[in-house]
Amino acid sequence: MYLLLLAVIYLTFISLGLPDSLLGSAWPTIHTAFDVPLSYMGFVSMIISGGTIVSSLLAERLNQKIGTRTLTTISVLLTAIALFGFSTTTAFYQLCLWGIPYGLGAGAIDASLNNYVALHYNSKHMSWLHCFWGVGTIISPYVMSYALTHTSWTSGYRSVSYIQFAIFAVLILALPLWKIHQTKQTEETSKKVLGLKGALKISGVPTILVGFMAYCAAESTAMLWASSFLEGVRGVTKNDAAAFGSLFFIGITIGRFLSGFISDKLGDSKMIRLGTGIALCGVLLIALPVTALSIVGFVVIGLGCAPVYPCIIHATPQHFGAENSQGIIGIQMASAYVGTTLMPPLFGLLANHISLQLMPIYLAFFLILLWVMSAKTEQKCAYRQEP
C-alpha cells in the first residue's frame, strides 16, 4: 500500500504540471481567436496566480477540516472542471472567470501534497515528485500541438481536462490507501491553526519566505526570458531562441531526477547550497559574451535550480516542527507565487527601459539573496537539529 499510494501521489504531481504550460502554448492562437492583444495572457495568468495564493494560505485550515486526501481529490476535480470550462469559452472574459477555480484548485494541491510528502517520505521522493511535475509541463504542449494541428485549441484543453478527470477517478479509488498514515496525519491536523501571524512569529520563517520568493523570482525569470535574452543580446534567431529557451526546462527536470539519488545523503541544506552555487555558475556563463556559453548557461541554471524548491519544502517539518509544517508550507507556496507573478514582469520593465543585458545581474541578485536567507534560516533553526 505504501508504494501504491506513492504512485498515486506521483500521478497527482503530473496532473499539477499538466495545465501549467498549456496556456502559453495555446495563447498565440487564443488571442487571435478572441481578437485581444498578445499581452492579455498576463491578465489570465495573474488571476490564476491570485487563486493559487489564496488557496495556499487557506490550505492549513482546509487540511485540518477535511484532510489531505479529500482536499487533494476535490482540488483535482476543481482543476478538471476549470480546464473543461476553458474549452467551452467563447469570449476572453470567460477565460478569466475559469481561471479562478483553476488557480484555487492548483494552489490547494500544491500546498497540501507538498506538506504530506515532506512529513511522510524521504527527500529523494520530494525531488522526484517535482521532476514528475516537469513531466506534466512537457506533456501538455504536445497535446495542444496535436489539437491545433488537427482540430482547435479548445480540443487541447478538453483533452487535458479528460486526463484530469481520469486522475480524479484514480484518486477516488485510492482514498483507502491514505489510511496508512491516517493516525499520524490526524495527530498533526488536530493542532490549533497557525495562521500567517503565528507563522511569522516563529524564528526563521520570515527569512525562508524571503529566500523562497527570491528563488522563484530567479526561476520564473529564467524560464520566461531565456529566449528573449538569447535573441536580443546574443543574436540567436527567433526559431533557435525558442528552442534553446526550452533547455532550462530540460535542465531542471533532469536535475530533479538526478538530485533524488543524492539528496538523502547530502541533506536538504547542503542540496540548497549546492543548487544555488551551480545556478550562479550558470549565470556567470550567460554573462560571458559567447553565444554557446550562454546557451549552456541556461541548462546549468536549470540544473542548479532543480533541488532548491523541493528541498526547501522537505526541510520545513525539520526546521519548524511537523505540527507547524502545513501552515508554513502554505505560506511558502504563497510567497513562491508572489515571486513568480511579480518579478518576471519587473524584469520586463527593466529590460524595456534599460537593457536585456541586465538579466545576469537580475538573476544573480535573487540567487545571492536566496543563499543569504537560507543560511540565516539554518542559523535560526540550528537548535532544532541538536540531539
Side-chain angles (χ1 to χ4, degrees), residues 114 117-118 121-131 133-134 202-223 248 251-287 296-321 325 328-329 332-333 335-336 339-340 343 360-387:
N114 272 298
V117 175
Y121 294 96
N122 295 334
S123 181
K124 63 182 180 182
H125 290 299
M126 184 68 83
S127 294
W128 287 336
L129 284 168
H130 284 269
C131 174
W133 168 86
I202 298 176
S203 179
V205 169
T207 52
I208 197 59
L209 291 179
V210 174
F212 205 17
M213 184 277 294
Y215 163 74
C216 290
E219 179 195 76
S220 57
T221 300
M223 282 182 179
F248 176 87
I252 198 170
T253 302
I254 293 175
R256 283 175 176 169
F257 175 75
L258 295 176
S259 65
F261 292 102
I262 61 174
S263 56
D264 286 342
K265 294 180 181 179
L266 295 182
D268 294 319
S269 297
K270 288 183 179 179
M271 289 295 294
I272 293 170
R273 290 196 296 270
L274 175 63
T276 307
I278 292 173
L280 283 169
C281 290
V283 171
L284 178 61
L285 288 175
I286 70 170
V296 173
F298 282 108
V299 180
V300 175
I301 293 172
L303 290 170
C305 285
V308 178
Y309 193 116
C311 287
I312 288 177
I313 297 298
H314 190 265
T316 301
Q318 182 184 18
H319 281 162
F320 307 111
S325 64
I328 293 174
I329 285 177
Q332 284 176 331
M333 295 294 102
S335 70
T340 300
M343 297 310 160
I361 298 174
Y362 194 78
L363 294 178
F365 169 79
F366 285 112
L367 289 170
I368 292 171
L369 181 59
L370 163 65
W371 185 295
V372 172
M373 291 297 105
S374 61
K376 287 188 175 183
T377 301
E378 289 176 36
Q379 293 173 358
K380 292 177 182 293
C381 300
Y383 70 93
R384 295 186 187 275
Q385 281 77 54
E386 293 176 0

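The analysis underlying the following values was restricted to heavy atoms, covering all of them including side chains, and did not include hydrogens, waters or symmetry mates.
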Could you give the side-chain donor-acceptor pairs of residues 367-376 under 3.5 Å, partners two or more places apart or in another chain?
{"residue": "S374", "atom": "OG", "partner": "L370", "partner atom": "O", "Å": "3.0"}
{"residue": "S374", "atom": "OG", "partner": "W371", "partner atom": "O", "Å": "3.0"}

Please tell me if the side chains of C381 and F320 come closer than 4.5 Å, counting only heavy atoms from C-beta onward.
-> yes

Under a 4.5 Å cut-off applied to non-hydrogen side-chain atoms, are F298 and I286 in contact?
-> yes

Taking only residues two or more places apart in sequence, or in another chain, which ones meet F365 in a ring-ring contact (aromatic ring centres under 6.0 Å, His included)?
-> none

Closest heavy-atom pair and its distance - A218, F366 | CB-CB, 4.1 Å

Would you list the atom pairs, donor with acceptor, under 3.5 Å between side chains in residues 304-312 and any protein atom, with sequence neighbours excluded?
none

So, T377 versus T207: side-chain donor-acceptor pair below 3.5 Å or not?
-> yes

Below 3.5 Å, can you tabulate the donor-acceptor pairs from side chains in residues 266-281 to any protein atom, sequence neighbours excluded?
{"residue": "D268", "atom": "OD1", "partner": "S123", "partner atom": "OG", "Å": "2.8"}
{"residue": "D268", "atom": "OD2", "partner": "H314", "partner atom": "ND1", "Å": "2.9"}
{"residue": "R273", "atom": "NH1", "partner": "E378", "partner atom": "OE1", "Å": "2.9"}
{"residue": "R273", "atom": "NH1", "partner": "E378", "partner atom": "OE2", "Å": "3.2"}
{"residue": "T276", "atom": "OG1", "partner": "I272", "partner atom": "O", "Å": "2.7"}

M126 versus Y121: any side-chain heavy-atom pair under 4.5 Å?
-> no

Euclidean distance, L258 CG relative to S263 OG, rounded to 0.5 Å | 11.0 Å

Just jot down the side-chain hydrogen bond (donor to acceptor under 3.5 Å, both in side chains) partners of W128, sequence neighbours excluded, or say none.
-> none

Counting distance only, does the side-chain N/O of S127 pair as donor-acceptor with the main-chain N or O of R256 below 3.5 Å?
-> no

Using a 4.5 Å cut-off on heavy atoms from C-beta on, say whether the side chain of N114 contacts that of Q332.
-> no

Pairs in or reaching into residues 212-221: which pass side chain to side chain donor-acceptor pair (under 3.5 Å), with residues at least two apart or in two chains?
-> Y215-E219

Between OG1 of T316 and CD1 of I328, what distance do you get to the nearest 0.5 Å?
-> 7.0 Å

With a 4.5 Å heavy-atom cut-off, do I301 and V283 have their side chains touching?
-> yes

